[in-house]
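Heads up, the thing below is written out as C-alpha cells.
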Amino acid sequence: MDETNSLIAQRRTKLADLKEQGINPYANKFTPSETCQEALDNYAEDKEVSIAGRIMSHRVMGKSQFLHLKDQSGRIQIYGQKQALGDDSFATLKHLDLGDIIGATGTLFTTRMGEKSIKVSSFVVLSKALRPPPEKFHGLEDTEIRYRQRYLDLIANDDVKSVFLKRSAIIKEMRSFLHDRGFVEVETPMMQAIPGGAAAQPFVTQHNALGCQFYMRIALELYLKRLLVGGIDRVFEIGRNFRNEGLSRRHNPEFTMLEAYQAFGDYESMMELVQSMICHIAEKVTGTLVIEHKNDDGEVTKTIDLTPDWRRVPYKDLIREKAGADWFELSPADRRSKALELGAEIHDDDEDFEVSNAIFEKFIEPTLIQPTFVTHLPKELVPLAKLSPDDPTTVEVFECCINGQEIAPAYTEQNDPIQQRESLEQQAGGEQQKLDEDFLVALEHGMPPAGGMGLGIDRLCMMLLGQENIRDVILFPQMKPKA
RNA sequence: GCCUCGGUAGCUCAAUGGUAGAGCAGUUGACUCUUAAUCAAUUGGUUGUAGGUUCGAGUCCUACCCGGGGUACCA
C-alpha cells in the first residue's frame with residue numbers, strides 16, 4: 001500500500017513509456033474469440049485464435065519469450081518470437097509485467113515439451129498493472145491480505161476461486177430445486193422498524209427523511225409468514241441477515257440465509273425438503289454424497305455421508321445419552337449441579353431448559369458430524385412453533401445438524417394467533433423486545449398451517465466445500481477497518 | 001469483552017541482546033521451445049505504532065493498532 005514503493009514507481013515509468021510510444025495501456029475493447037480453456041479444448045493445429053488474460057508468468061530467452069495468460073476459465077501459454085513480432089513489438093512484450101492484462105492473437109501449436117500454446121502474431125495491452133502481484137510459487141498466504149484484498153487471493157490461489165465458484169453453483173442449484181417444487185422467490189425488507197423472528201442484537205440505522213431509526217433484519221421469518229397469509233403458499237427468500245454479535249470461525253455479522261415456507265406442510269415435510277435439497281445440491285455441485293474434509297497436509301480429517309435417510313433422534317434422547325438416563329427425573333437444582341460437574345457453562349440466571357440446552361450445545365451438537373435431525377425440542381426454546389400432540393412439553397421442530405453445526409432448523413409453524421401472542425409476550429419478557437403487532441394482526445387474518453425452514457448458506461457451503469472457517473466461504477468477511 | 005499466538009523487503013520466510021539476510025518478483029546483461037527456465041551482476045528495510053530498559057533492541061518490558069486461534073454474547 002506504500003505509494004513510494006520502488007516497484008510501483010518502476011511500473012508507472014513503464015506506463016509512461018507505453019504512452020510515449022503511442023500505445024494506450026488501457027485499450028477500450030478487445031474481443032477474444034474464445035476463453036483460455038476453450039482454446040485448449042478446441043485445439044486444432046495452426047488454427048487462429050485470440051484470447052485475453054492476465055500475465056501470470058513470463059520467461060524471456062533471447063529472441064523468444066513465453067508467457068502464461070489467465071482468465072476465469074484457466075490459463076494458456078503464449079509464445080512470442082522476435083522474427084514473427086518484429087523488434088518493437090517484441091521489445092514491448094518483453095517489458096510487460098506480471099499482472100498486466102493483454103489480448104493476444106495468434107495460431108495454436110504444441111511446444112516440444114508438449115504444451116498447447118499460441119504463437120503470437122499481435123497483442124494489445126488492455127490494462128497495465130501498477131502494483132506487483134503476489135509471489136507466483138507460494139501464492140498469497142497472509143490471511144489478513146487474503147480477506148481484505150480478496151481479489152489478490154483470487155488471482156493467486158486457484159483453489160480459493162474454486163470455492164467461490166462452487167458457492168455460486170450451490171445457490172443456483174438451491175434456487176432451481178425450489179423453483180421446481182413451485183416455490184416463489186421474494187424479497188422482503190432488510191430495514192425493519194421492529195426486528196423479529198430470532199433472538200439477536202440488531203444493528204441500528206437511521207433514516208434521515210423519515211426521522212426514525214430502523215434495524216437491520218435479524219431473520220426473514222415474520223415477513224415471509226405475512227406472505228403465507230397473503231396466499232403465496234410456497235415462498236422462499238435467500239438473503240442477508242445481520243446480527244450484532246461477536247465474530248468467530250462460524251459467525252460473520254452478516255450472513256446469508258435461506259428461509260422457505262410451505263403451506264399445508266409441517267416439520268416432516270420440511271425434513272424431506274431439507275434432505276432432498278441438500279442431496280440435490282451436493283450431487284450437482286460436488287458430484288458425490290460423500291464429502292471429505294482435509295487438513296493442510298491433504299489428509300482426510302472427516303468424512304460426511306449425506307446418503308439418505310438421515311438419522312432422526314429426539315433432543316431428550318441425545319441429552320440422556322450424554323448426561324444420564326435419569327437426567328429429566330432429577331430436580332432442577334440437581335440438573336444444574338450435574339451440568340456444572342460435566343463442565344457446561346451455566347449462568348446463575350439460566351432457566352432449567354437452558355441448563356439442558358447448555359449440555360446439548362457444548363457436548364452434543366459438536367459431535368453431530370453425520371447429518372442428523374434432532375427433533376422434539378423443548379417448547380421454551382422455540383416460541384414460533386406448534387406443540388407436539390404426543391408430548392406437549394415439546395414442539396414440532398427439528399434442527400438439522402451436520403458437520404457439528406446447526407445448519408437448518410425447521411418447524412411446524414405456529415398459526416394460532418392467540419397462542420402466538422402469548423409465547424411472544426412471554427419471550428419478550430416486558431419491555432426489552434417490542435412486539436411486532438402488524439405480524440400478529442396478520443396471523444389474526446388466518447395463516448394456513450405450514451412447515452417452515454431456515455438454512456444457513458454459509459455453513460452449508462463450509463460443509464459441502466470442506467472449509468472450516470466461515471471467512472473462507474464469504475468473499476469479503478467483516479474486518480475491522482484499518483486505522 | 002477476556003485469554004493466547006503472531007506482525008521483518010512487493011510476496012514467502014530467516015536472523016543467542018552485538019553490522020537486518022535468503023528465495024521469488026524487480027532492474028541490467030547473455031540465451032530462438034521455456035514452464036518454480038537457467039547463468040552473471042544488481043536495486044530494494046522507519047523490523048505494525050509509540051514509549052521504556054540497555055554501552056547496544058527485530059529480539060527484553062509497557063501501552064496501543066491489526067490479524068489468527070480459543071472463549072463470552074447469539075429465545
Side-chain angles (χ1 to χ4, degrees), chain A residues 1-2 4-11 13-14 55-68 75-85 90 95 97-99 109-115 117 119 129-149 152-153 155-157 196-202 218-219 241-253 255 345 347 350-351 353-354 357 361-362 377-385 395 406 409 423-429 432-433 468-469 471-472 477 479-483:
Chain A
M1 290 300 196
D2 182 0
T4 63
N5 185 294
S6 68
L7 297 177
I8 295 175
Q10 278 169 4
R11 283 173 180 248
T13 304
K14 287 185 174 183
I55 299 176
M56 300 306 287
S57 65
H58 194 178
R59 295 173 294 281
V60 183
M61 26 192 329
K63 296 187 178 64
S64 69
Q65 46 185 319
F66 291 88
L67 303 87
H68 271 101
R75 62 182 72 200
I76 190 169
Q77 178 172 258
I78 66 171
Y79 171 51
Q81 202 181 25
K82 194 166 194 175
Q83 205 173 14
L85 285 169
F90 185 84
H95 286 100
D97 289 310
L98 298 187
F109 77 108
T110 301
T111 66
R112 278 176 211 157
M113 297 301 287
E115 179 165 353
S117 307
K119 185 174 179 181
L130 296 180
R131 293 172 184 270
E135 198 242 22
K136 63 179 175 183
F137 185 60
H138 294 94
L140 183 64
E141 306 263 323
D142 185 307
T143 48
E144 188 170 352
I145 298 177
R146 286 187 48 230
Y147 295 150
R148 286 189 195 276
Q149 296 176 270
L152 295 179
D153 195 23
I155 291 169
N157 299 322
Q201 289 298 312
I218 56 174
N241 283 346
F242 306 85
R243 296 189 182 176
N244 209 337
E245 297 161 2
L247 287 69
S248 81
R249 213 159 54 78
R250 307 172 201 81
H251 298 265
N252 197 61
F255 61 100
E345 298 274 345
H347 306 98
D350 278 352
E351 310 253 356
F353 72 91
E354 291 175 301
N357 201 46
E361 286 185 358
K362 172 132 186 174
L377 271 65
K379 65 176 197 250
E380 294 85 355
L381 279 175
V382 191
L384 293 159
V395 279
E406 181 197 332
S423 55
L424 283 181
E425 276 173 353
Q426 205 175 348
Q427 209 52 234
Q432 58 180 353
Q433 201 176 336
E468 309 305 330
N469 191 323
R471 296 180 188 92
D472 292 323
M479 302 287 271
K480 194 162 179 174
K482 280 259 184 182

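Just so it is clear, the structure is predicted and the values come from calculations on it, not from any experiment. Every chain is numbered from 1 and lettered A, B, ... according to where its sequence line falls, protein lines coming before strand lines.
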Got a donor-acceptor pair under 3.5 Å from the side chain of [X] to the base of [N]?
{"X": "E141(A)", "N": "U12(B)", "value": "no"}
{"X": "Q65(A)", "N": "U34(B)", "value": "no"}
{"X": "Q81(A)", "N": "U32(B)", "value": "yes"}
{"X": "S6(A)", "N": "U43(B)", "value": "no"}

Non-neighbouring partners of [X] that pass side-chain hydrogen bond (donor to acceptor under 3.5 Å, both in side chains), sequence neighbours left out:
{"X": "R11(A)", "result": "none"}
{"X": "N241(A)", "result": "none"}
{"X": "R148(A)", "result": "E144(A)"}
{"X": "N252(A)", "result": "none"}

Could you pull out the protein-nucleic contacts involving nucleotides 29-31 of chain B (nitrogen or oxygen on both sides, under 3.5 Å)?
residue : atom : partner : partner atom : Å
C31(B)  : N3   : G62(A)  : N            : 3.1
C31(B)  : N4   : G62(A)  : N            : 3.3

Quiz item: Which residues pass the side-chain contact (heavy atoms from CB on, under 4.5 Å) test with F353(A), sequence neighbours left out?
Solution: E351(A), E380(A), L381(A)
Quiz item: Residues two or more places apart in sequence or in another chain: which of them pass side-chain contact (heavy atoms from CB on, under 4.5 Å) with H138(A)?
Solution: E135(A)
Measure all distances between protein nitrogen or oxygen atoms and nitrogen or oxygen atoms of nucleotides 2-9 of chain B, and list the pairs falling under 3.5 Å.
none

Exercise. Send over the distance from F137(A) CZ to C24(B) P, rounded to a whole Å.
Key: 12 Å
Self-check item: Spacing between E354(A) atom CD and C73(B) atom P, to the nearest angstrom
Solution: 10 Å
Practice problem: For nucleotides G69(B) and A57(B), find the distance between their C1' atoms and express it as a whole number of Å. | Solution: 29 Å
Quiz item: Taking the C1' atom of each, how far is C74(B) from G1(B), in whole Å?
Solution: 15 Å
Self-check item: 5' priority, RNA chain B, between L384(A) and R471(A) [closest heavy atom]
Solution: R471(A)
Exercise. Take E115(A) and L381(A), find for each the nucleotide of RNA chain B with the closest heavy atom, and name the residue whose nucleotide sits nearer the 5' end.
Key: E115(A)
Practice problem: Taking only the side-chain heavy atoms of F109(A) (C-beta and beyond), determine which of U34(B), C33(B), G67(B) contains the nearest atom. | Solution: C33(B)
Practice problem: Give the nucleotide from the list C74(B), U32(B), C73(B) with an atom nearest to the side chain of H347(A). | Solution: C73(B)
Quiz prompt | K14(A): partners by salt bridge (Lys or Arg N to Asp or Glu O under 4.0 Å), with sequence neighbours left out | solution = D97(A)
Quiz item: Considering residues at least two apart in sequence or located in another chain, which fulfil the salt bridge (Lys or Arg N to Asp or Glu O under 4.0 Å) criterion with E468(A)?
Solution: K302(A)
Quiz item: Any stems for RNA chain B, made of 3 or more Watson-Crick or G-U pairs in a row, each with both distances under 3.5 Å?
Solution: B:1-7 with B:65-71, B:10-13 with B:21-24, B:26-30 with B:38-42, B:48-52 with B:60-64
Quiz prompt | Counterpart residues, ring-ring contact (aromatic ring centres under 6.0 Å, His included), relative to F66(A) (two or more places apart) | solution = Y79(A)
Quiz item: So what does K480(A) hit on the nucleic acid, given a heavy-atom distance under 4.0 Å: a base, only sugar-phosphate, or nothing?
Solution: sugar-phosphate
Quiz item: So what does E345(A) hit on the nucleic acid, given a heavy-atom distance under 4.0 Å: a base, only sugar-phosphate, or nothing?
Solution: sugar-phosphate
